[in-house]
Number of protein chains: 2
Amino acid sequence: MGKLLIVGSMAFDAIETPFGKTGRILGGAGTFIGLAASQFKLDAAIVSVVGDDFPQSYMDILKNKNIDLTGVEVVKGGKTFFWEGKYHNDLNSRDTLVTELNTLADFNPIVPADFTSADVVMLGNLHPNIQMSVINQMEERPKLIILDTMNFWMNSTWDELMAVIKKIDVITINDEEARQMTSEYSLVKAAAKIQEMGPKYVVIKKGEHGALLFHKENIFFAPALPLEEVFDPTGAGDTFAGGFAGYLTESGNISFESMKNAIIHGSNLASFCVERFGTERMINLQKHEVDSRLVQFRDLTQFNIELT
Amino acid sequence: MGKLLIVGSMAFDAIETPFGKTGRILGGAGTFIGLAASQFKLDAAIVSVVGDDFPQSYMDILKNKNIDLTGVEVVKGGKTFFWEGKYHNDLNSRDTLVTELNTLADFNPIVPADFTSADVVMLGNLHPNIQMSVINQMEERPKLIILDTMNFWMNSTWDELMAVIKKIDVITINDEEARQMTSEYSLVKAAAKIQEMGPKYVVIKKGEHGALLFHKENIFFAPALPLEEVFDPTGAGDTFAGGFAGYLTESGNISFESMKNAIIHGSNLASFCVERFGTERMINLQKHEVDSRLVQFRDLTQFNIELT
């Protein structure tokens, strides 16, 4: 089986949406990526850091999905990364109310020996130096390195970000961030400029408006599944990335055609994530639900025009 | 060949975008719908009204596309509908600077005898009473009646709009208008409510984010083609509607499966419309260009996942 190495935060989230409010629940990019990737046949490990306030029951959720957690450092006396946010009524924007980096502030990732030869590396949204450190620990160049980032790192660590994205294959980024990164409004132009910065594949996430995959002259698009109700968007982008990385690890095929399928799988899994608060829906997600929603994706997008 | 009856404005437009500014050029919903529909094998007629300031050369553009203009009233001494608008930098929003209804204010549509038995009727965005008058002139119930409308008519003529949409099959409307019409943020819920108002098929246009087709439990989605540059969005929605109506008229098949193809054809044609000011690109559009861009739509959206 293919090996997937995931680097990303494990966290407490507190979320308010128009539909309700949670206490401190399980969150973090690494968590969402891992849960999504666990839908595929692969060996996955998460590299992360938590405090000793992080409950064993949360660890067990991931362990029960066969995710290797030997790379998760538990800092004695430390506190786990905490994020609190409140979504606006349309769920397309949110205010961050609290960010406590805690143990994440001094995170020094250690890749478990078993995973220094991983086939695919998924670098979740973290300081670019942390992402670089993980790449440097790999024994040989992985078949595929995927990196997620956000505007915060563009604003505060531009040079470090540029250094790490030179070393990766796929970047995932949202539409506004792609525009900010390139000063191009057109996503086609933005994606071309980002490819010049290093990554040969650019995935632009547009939230409820779907996701685009760019590679040279090729473009592929997957919509978000139209849902009656989006309950909580937290983790949707990470779930998408986890599905994308998970599919490519399982298939072992990193061609553009295979990435199209990966984009669909990522979008499919993200459509579940938003149906409940936090990780709730992903933890209990069953294979037959995933399969049947893939049929919905087919019906939503596939047409039959004879082309001449 | 199938017959398509188009009702819609023929107009002068003056347009400013970040890329430049036009003088008074050919515009109007009926014009854009007609130009798009003329890409298909069908007999089309436009019912509209202009003043005697409307140049013969503009009439000839449509006549040369084999569009029957006997239903276009030329009001002696009257002035043609004029719209002037300026787009914001992102081209997603615009300010209307001038609207002079002129002859359109007293428009009394007369359907040419040859088209009172049209197979498909495309009611462009106009006062709902004008749309109703056209329906009432049909000798027999057309196979398909499609109606386009906008927030202006919801605000000013709600009862008349409700009366006419009870009599149609397909409504095309943008996302914000669908939300306004139903007080539902979720487009899935909005489309369900609109179906209860009359139209069995609901097409929600999302501009650069594509278009959705709803019918009972079925949903189909077509993206807008990602373009390097959108030059002028004027007429894109009408071009989409013209492609949709034109394809269904040519095919004679009004099933949901056929409407999927119609949505793709509409999106395909709209992708050309926005490449130049006004009607410029549509007037000179060649079949081989249309066909080759359909291949791009296939590559953009079609994937190959084995479904179990």
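Here is how names work: the chains are called A, B, and so on, in the same order as the sequence lines, proteins then strands, and each is numbered from 1.
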*For atom NZ of A:Lys86, decide whether the heavy atoms of other residues, nucleotides or ligands shown that lie under 6.0 angstrom number more than 12.*
no

*Which one of B:Ile263, B:Ile219, B:Leu91, B:Asn89 has the most heavy-atom pairs closer than 4.5 Å to chain A?*
B:Ile219

Quick check on [X] against chain A: is it the side chain, the backbone, both or neither that has a heavy atom closer than 4.5 Å?
X	result
B:Leu212	side chain
B:Leu187	neither
B:Asp90	both

*Does A:Phe221 have its ring centroid less than 6.0 Å away from the ring centroid of B:Phe221?*
yes

_Checking A:Thr172 against A:Asp148: is there a side-chain donor and acceptor pair closer than 3.5 Å?_
yes

*asked:* Counting heavy-atom pairs under 4.5 Å with chain B, which one of A:Glu257, A:Lys189, A:His288 comes out on top?
replied: A:Lys189

*Any idea which of A:Arg298, A:Lys260, A:Glu208, A:His209 has the most non-hydrogen atom pairs under 4.5 angstrom with chain B?*
A:His209

*How are the rings of B:His215 and B:Tyr201 set relative to one another: parallel (under 30°), tilted (30 to 60°) or perpendicular (over 60°)?*
parallel

_Axial cation check for B:Tyr185 ring with B:Arg179, 6.0 Å and 45° limits_ = yes

